[in-house]
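When a ligand or atom number is given, it counts from 1 through the structure's own listing order. Quick caveat: nothing in here was measured; it's all calculated off a predicted structure.
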Amino acid sequence: MKLVRSLGRITPALKQFPEKEKRIGFVPTMGAFHEGHISLIRKAKKENDVVVVSIFVNPTQFAPNEDYEKYPRDIRRDREKAKNAGCDILFCPDTGSMYPKGYNTYVEVKKAAALMCGRSRPGHFRGVTTICAKLFNIITPDTVYFGRKDYQQALIVKNMVNDLNMDLKIKILPIVREKSGIALSSRNRYLLPAQREDAKLLYQALKKARKIIRAGERDVSRIRSAIRKVLNKPGINIDYISIASPDTLKRKRKIDENVLIALAAKIGKVRLIDNMLVGVGIKNKGAKIC
Ligand code: AMP
C-alpha cells in the first residue's frame, strides 16, 4: 500500500497502475478507522482493481462550535488497518493544499440538505459535497463507497452526482454495529461508560419503531411517541426524530410505503446519529435503497 500525503503525488500514484481495465474504488473518510470503515474498504477491494481510501478531516463541514480540533486523528494506526483491509493507496492530503488561501468555490445541494442534520448543522452538507466533488475530481473513481450510517450524507452526494453528471457510481453499504446495537462511529470513543448505556437506546428506539410498524401501526405521531418513550432519559437530548421518505427525506404523515426512521441525539456532549429503513409489508427485512 502506498501512502500519499501530497496532492501533487496522487495522480502519478494512480498512473502507476496499468490503464487496462483499471476500475478504481474509492472510500472517502475522516479516519479513526473502525469496522464500519473497514467494511467499505473490503467491499471496494472485492469490486475493483485499485482501491483508494482518503483520510481528510474536512474543516468546511464543521461549524466553529463543533469538534474539528478534537476529532480523533491517528494515521499510523489507520495505515495498518487500511493496508490489511486491501487499500492500495491511502491518500491523506493536507488542509492547506485542499483549501489554499483564497479558496472560493462550494458545491451545494438544496432540499434534502436542509432537513434532518442540515437543520442543526447549517453548512455541514455544503462542506461534505464540496470535499466530495474535489476528491472525485482528483481520484476519478468508478465507484465510491459510503455507509448507510450517514444515510443523509450518502443521499445528498448521490443527488450531487446525478445533478452534476459525474461519471461514477455511488454504493451505500449497511450499518456496522457493536454487539450492543450501537452503530460504530469514530465519536463513540468520547462516551463514558454510563453514556454508552444511553447510546444503546438509539438502536432500541429504532427497533421499537420497526416492531410497531410491522405490527400494523401506520400513524406517525404514535410511532414518534414510542421512540420518545424509549429515549426519555435525562442524559439524552434528542435533536430530531425523522420518519421520512427514503428518497427525499421529507417527513411522512402516514406510513404507506418504505420509510426511513432517522435519529440524532446528544448524549452528554457527543452527538450521535442512527437510522433504519423499514419496508412496509416486508417481513424481517429492511428496505433497500441501492
Ligand atoms: P467518516 O470517517 O465518519 O466520515 O465515515 C467515512 C465513511 O464510513 C462514511 O461513508 C460513513 O457512512 C461510513 N461509516 C461510518 N460509520 C459506519 C458504520 N457504523 N457502518 C457503516 N459505515 C460507516
Exercise. Between the side chain of N188 and the main-chain N/O of A183, is any donor-acceptor distance below 3.5 Å?
Worked result: yes
Exercise. Does an N or O from I175, backbone or side chain, lie closer than 3.5 Å to an N or O of ligand 1?
Worked result: no
Exercise. Any N or O of L184 that comes nearer than 3.5 Å to an N or O of ligand 1?
Worked result: yes
Exercise. Do any nitrogen or oxygen atoms of D150 come within less than 3.5 Å of a nitrogen or oxygen of ligand 1?
Worked result: yes
Exercise. Taking the minimum heavy-atom distance to atom 16 (N) of ligand 1, which of M30, H34, R177 ranks first?
Worked result: H34
Seminar exercise, completed: Which of R271, Q61, H124, R121 passes side chain to side chain donor-acceptor pair (under 3.5 Å) with E66? Answer is R121
Problem set entry | Approximate separation, where rounding is to 0.5 Å, of I131 CD1 and Y106 OH | 10.5 Å
Exercise. Relative to the ring of H34, is the ring of H37 parallel (under 30°), tilted (30 to 60°) or perpendicular (over 60°)?
Worked result: tilted
Exercise. Has ligand 1 got any nitrogen or oxygen that is less than 3.5 angstrom from a nitrogen or oxygen of A183?
Worked result: no
For this session: Could you tell me whether ligand 1 has any atom less than 4.0 Å away from a heavy atom of P174?
Result: yes
Seminar exercise, completed: The atoms of ligand 1 lying under 4.0 Å from a heavy atom of L40, numbered in the order shown, are 7 (C), 8 (O), 10 (O), 13 (C)
Seminar exercise, completed: One finds that the ligand 1 atoms under 4.0 Å from a non-hydrogen atom of T29 are 2 (O), 6 (C)
Exercise. Should S186 be counted as touching ligand 1, given the test is an N or O pair under 3.5 Å?
Worked result: no
Exercise. Between N58 and G127, is there a donor-acceptor pair closer than 3.5 Å when you use the side chain of the first and the backbone of the second?
Worked result: yes
Problem set entry | Candidate pair K269 and K70, rule side chain to side chain contact (heavy atoms under 4.5 Å, CB included), full reasoning | CA-CA 12 Å; K269 283 188 177 160; K70 261 187 63 196; over 6 Å; no
Exercise. If you draw the axis of the six-membered ring of F125, does the NZ or CZ of R119 fall within 45° of it and under 6.0 Å from the ring centre?
Worked result: no
Problem set entry | Heavy-atom gap E35 to ligand 1 smaller than 4.0 Å | no
Exercise. Taking atom 23 (C) of ligand 1 as the point of reference, which of P28, A32, G36 owns the nearest heavy atom?
Worked result: G36
Exercise. Where does the angle between the aromatic ring planes of F136 and F146 fall among parallel (under 30°), tilted (30 to 60°) and perpendicular (over 60°)?
Worked result: perpendicular
